[in-house]
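Below: one structure, written as structure tokens.
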Amino acid sequence: MGLFHRCSRGATLRRAATIGSDIMTEPTAASKIPDKPTIDGLEDRWSQNWETDGVYRFNRTATRDQVYSIDTPPPTASGSLHVGHVFSYTHTDTIARFQRMRGLEVFYPMGWDDNGLPTERRVQNYFGVRCDPSLPYDPDFTPPAEPGKQQIAISRRNFIELCEHLTVEDEKVFESVWRRLGLSVDWSHSYQTIDSNSRATSQRAFLRNLARGEAYQSEAPTLWDVTFRTAVAQAELEDRERPGAYYQLAFHRTDGKGDVNIDTTRPELLAACVALVAHPDDERYQELFGTTVRTPIFDVEVEVKAHPLADPEKGTGIAMVCTFGDLTDVTWWRELQLETRPIIGWDGRITSDAPEAIVSADGRSAYARLSGSTVFTAKETVVEMLRHSGELIGEPRPINHQVKFFEKGDKPLEIVTTRQWYLRNGGRDGLLRDVVLQRANEITWHPAYMKARYDNWVEGLNGDWLVSRQRFFGVPFPLWYRLDANSEPLYDQPLVPDEADLPIDPQSECPAGFTADQRGAANGFIGDPDVMDTWATSSLTPQIAGGWERDNDLFERVYPMNLRPQGHDIIRTWLFSTVVRANAEFDGVPWTDTSISGWILDPDRKKMSKSKGNVVTPMGLLEEHGSDAVRYWAASGRPGTDTAFDVQQMKVGRRLAIKILNASKFAISLGATENPSAITHPLDRALLAQLATVVERATTAFDNYDYSRALEVTETFFWAFCDDYVEMVKDRAYGGQGPEGAASAHATLAATLSVLLRLFAPTLPFVTEEAWSWWQTGSIHRSPWPDAPSVTAIAADGNIALNETTAVLLSTIRRAKSDAQVSMRADVESAIITAPATQLELVRQVEGDLRAVGRIANVSYVEGESVSAEVVLGEQPA
RNA sequence: GGGCGAUUGGCGCAGUGGUAGCGCGCUCCGCUCACACCGGAGAGGUCACUGGUUCGAACCCAGUAUCGCCCA
């Protein structure tokens, strides 16, 4: 069934309506509605139609003030979509659909985050390969059909090709899930965080940072993951509790006055010891400050220093400083200007060369025993040597302590001194920090309290943003370094490409003025070997999707964007870094609003996780319950609130979706006809008056990004409409009370159904589109959002209180029948209705509807304080 | 240790000063000509705890407990 058919039939229908003919005599309209409406199959049919008709295509002639732009989170392509994605992306889609219906041109792109470690890992596992950058490119390489036990070593370029190949496949699967879910994305605006535009954008932004002095390199102690062999940024850290032990070591005073005992959890770093340190106010060590001691085993002379970070309560109150055991060591090293004696290499093993400070033969042979071993083995060896020499005091005392890990790693981080690139983010500069804090106030947060996470994070920054990573699959730094006559790189004079040439790969391309054969040669050049932190690229998603410096015409229509939807777990990373980059480049915020969604919890109130065996695949869920049903569940979760995974809610959503189809069918079959001037009956006007308040509340809710409230108020009204109004109006709509009453009913049914379908449309796009197509033209998703004042206008003098009153009377009549255990169709002999005078007058006017729905023979009225009824049932057939 | 959030009938939730609500589930009833993936009726809660403010507190304030998340 194509669009043109729908259009032409719809047009016929509407023409028929305006000349006032009875819709029931219009055979074409009736034939469009299935006898048994079903929600099954709607997803495929409508998502195809939407694509064909371009319903969600961004109209780029719209100017910025006519646009609503969304900085969609690009899901990690190498993972799998899970229920949490369905949940939060539905939230955003309801907002997108609402804004579109309000008449804004919605810019709603989709990206795939296929840049970085997760993709590397997936490719390794999927193909059974590993990257060895020293290998040459093999153009004929094809991965084995099944990954073998031994990983095959391949070149970096081969590895990257596999990454690109696999992510494209993954992304197709993702897109089909999103289409099935009904996201109103414009698929012609999609991007990958590793595609050439993203790489160019990322490199361009970096070069601009560099030119402005916001990017700088530094040779400094860096948190280092020995498994991945890469530097790690503050935002990627997490503390984990690990068992450890305090070892007490004897240092020997050089003044011959005995030993100084210190406690340490890392005896394996003894060879890297550069000082002892105690608190300046610590009475016990006053006389030691400024003196020297000799280290056990290695026999190196180190000074005893005072520093306030030494904790008198911890162990003996005096600690050894090593380069480097933890971040406190780094602080002491820097502030006390200590020597550097690193002993841990990039692979996490003890380096082969002993620090020069170790000069004694015993010391050097002790070091030789450690050389090449892991920190774990080195610890055992050192402890054994200490025992042997009698310099271990007492026994180790086991403890549990917090150890820093890379969030994706499984070995404790070490600290290694390396040359790295940093971006200024306020971590070292109070002025910039204040600016970045202020930016958060220029963004409206939904919910508002989520801003506290941002503030806390920024206030707790302890350094600039480390952006270089020693990995393979990522955006390379667009830099080369000149080599001097000895082939040593001159890092302080990086060679940069022309922006017009971006993206570039410094490993395969040459800087201007050089030739390929000068790579690595004396007086030649080398490319920067590192790639950027994935957040360095992700922090530019508004620029990437919006076409910054690629399509400036587009960029001016969509930037700064309206909305950044995202999870609360990545406020410190994605949200923060995006603000930092926009502040640097544009001196402004990247969006006006941000909506923070919650987690999906499993029934045990724990975060949903695969390891718990409760994985539910999104596609399976959508197929089982129907997309609208799943969306209903998602939209029931309040903004920012963690929500339980609840199949029950999906079943409720499914029933609602089916009910909407049935109610629409019935309303149309009753003769729903758009004809506002025919609405004269008090019951109809009262219904519409109430509907106007529903429109008002739903609109306000959506304006405040509260999709769940909007759904709730709509749904509540819808059930009352079905159960009370439609039941009461049946007789009149069938013509039981004359043509004028029927026309009023028909017009009211049409007006109400039209509004209700549109109110539901953002949440339940499939059923509403289906029902809409039965009697309207065009897509409901491009039809105007209902307007409360115009509903109020057709409600005229409608009295909302009448709805309350009739609801009470209906309930009373039904209760009488229910108590008597008879059918709702049972006859009522008489009903005596009591109500205040003002209501009584209204009730009299709807008596016809009441008698019909209740099958009441005689109605009489009594004036009273509150609304009630005395019901006498008629004779029941045996 | 700091921050944020939550605590309301069996379950999931709404309710920011005026006599406790919704949905699911449960019980009973009704095959009513849109829908049995339906309709009707009903049972079920001292709103985590302790103080305080107030004529009046689920709601405001202080504190406690438990749970969750984030950060040290």
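By convention in this document, chain letters (A, B, ...) are assigned in the order of the sequence lines, proteins followed by strands, and residues within each chain are numbered from 1.
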Could you tell me how far [M] sits from [N] if I compare only their [atom1] atoms? Round to whole Å.
| N | M | atom1 | result |
| --- | --- | --- | --- |
| B:U7 | B:C13 | C1' | 13 Å |
| B:C26 | B:C60 | C1' | 37 Å |
| B:C47 | B:A57 | C1' | 11 Å |
| B:A43 | B:G56 | C1' | 30 Å |
| B:U46 | B:G9 | C1' | 12 Å |
| B:U8 | B:C49 | P | 10 Å |
| B:G21 | B:A58 | P | 13 Å |
| B:A41 | B:U32 | C1' | 16 Å |

Q: Please determine, by modelled atom types, if A:D593 and A:S595 share a side-chain donor-acceptor pair under 3.5 angstrom.
A: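 Per modelled atom types, A:D593 and A:S595 side chains form no pair under 3.5 Å.
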
(Q) We want to know whether A:E804 and A:Q690 form a side-chain donor-acceptor pair, criterion being a heavy-atom distance below 3.5 angstrom. (A)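 No - no donor-acceptor pair under 3.5 Å links their side chains.
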
Q. Contact class for A:D819 (heavy atom, under 4.0 Å): base, sugar-phosphate, or nothing?
A.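 Sugar-phosphate only.
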
Q: With heavy atoms under 4.0 Å as the rule, sort A:W633 into base, sugar-phosphate or nothing.
A: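 No contact at all - A:W633 keeps every heavy atom at 4.0 Å or more from the nucleic acid.
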
Figure out the [atom1]/[atom2] separation between [X] and [N], and round it to whole Å.
| X | N | atom1 | atom2 | result |
| --- | --- | --- | --- | --- |
| A:D569 | B:C4 | CG | C1' | 14 Å |
| A:E712 | B:C22 | CD | P | 12 Å |
| A:D311 | B:A72 | CG | P | 19 Å |
| A:N456 | B:C71 | CG | P | 11 Å |
| A:M450 | B:C4 | CE | C1' | 8 Å |
| A:L309 | B:A72 | CG | C1' | 14 Å |
| A:I571 | B:C70 | CD1 | P | 11 Å |
| A:R697 | B:A14 | CZ | C1' | 11 Å |

Q: Applying side chain to side chain donor-acceptor pair (under 3.5 Å), name anything that partners A:S744, two or more places apart in sequence or on another chain.
A: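 Checked A:S744 against side chain to side chain donor-acceptor pair (under 3.5 Å); matches are A:D684.
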
Does a salt bridge link [X] with [Y], judged by any charged N lying under 4.0 Å from a carboxylate O?
| X | Y | answer |
| --- | --- | --- |
| A:D724 | A:R814 | yes |
| A:K665 | A:E770 | no |
| A:E712 | A:R638 | yes |
| A:R825 | A:E727 | no |

Q) Hey, which of these two, A:Q402 or A:D724, hits RNA chain B nearer its 5' end, going by closest nucleotide? A)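 Its nucleotide being nearer the 5' end, the pick is A:D724.
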
Q) Starting at the 5' end of RNA chain B and moving along, which residue's nearest nucleotide shows up first, A:N462 or A:H568? A)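 Its nearest nucleotide lies further toward 5', so the answer is A:H568.
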
**Q.** Contact state string [nucleotides 25-36 of chain B, B base, S sugar-phosphate only, - no protein heavy atom under 4.0 Å]
**A.** ---SSS-BBBBS

Q.
Measuring to OP1 and OP2 of B:G3, would you say a side-chain N or O of A:R453 lies under 4.0 angstrom away?
A.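 Negative; the distance criterion is not met.
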
**Q.** Phosphate contact (B:A41 OP1 or OP2) by A:S811 side-chain N/O below 4.0 Å
**A.**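 So the side-chain polar atoms of A:S811 do come within 4.0 Å of the phosphate oxygens OP1 or OP2 of B:A41, strictly under.
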
Q | Under the 3.5 Å Watson-Crick or G-U criterion, the dot-bracket string of RNA chain B, with | for inter-strand pairs | A | ((((((((.[[[[.)..(..]]]].(((((.......))))).....[[[[[..)....]]]]]))))))).

Q) Which pairs count as salt bridge (Lys or Arg N to Asp or Glu O under 4.0 Å) when at least one residue sits in residues 233-243 of chain A, sequence neighbours excluded? A)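 As it turns out, the salt bridge (Lys or Arg N to Asp or Glu O under 4.0 Å) pairs with a partner in residues 233-243 of chain A, which skip direct neighbours, are A:E236-A:R469, A:E238-A:R240, A:D239-A:K404.
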
Q) A:F760 and A:F718: aromatic ring centres closer than 6.0 Å? A)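 Yes - the distance between ring centres of A:F760 and A:F718 falls below the 6.0 Å cut-off.
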
(Q) According to salt bridge (Lys or Arg N to Asp or Glu O under 4.0 Å), who are the partners of A:D429, at least two apart in sequence or on a separate chain? (A)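 Residues passing salt bridge (Lys or Arg N to Asp or Glu O under 4.0 Å) with A:D429: none at all.
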
Q: Quick one: list whatever passes ring pair (Phe, Tyr, Trp, His ring centres under 6.0 Å) with A:Y454, sequence neighbours left out.
A: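 A:Y454 satisfies ring pair (Phe, Tyr, Trp, His ring centres under 6.0 Å) with A:W445, A:F576 once adjacent residues are dropped.
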
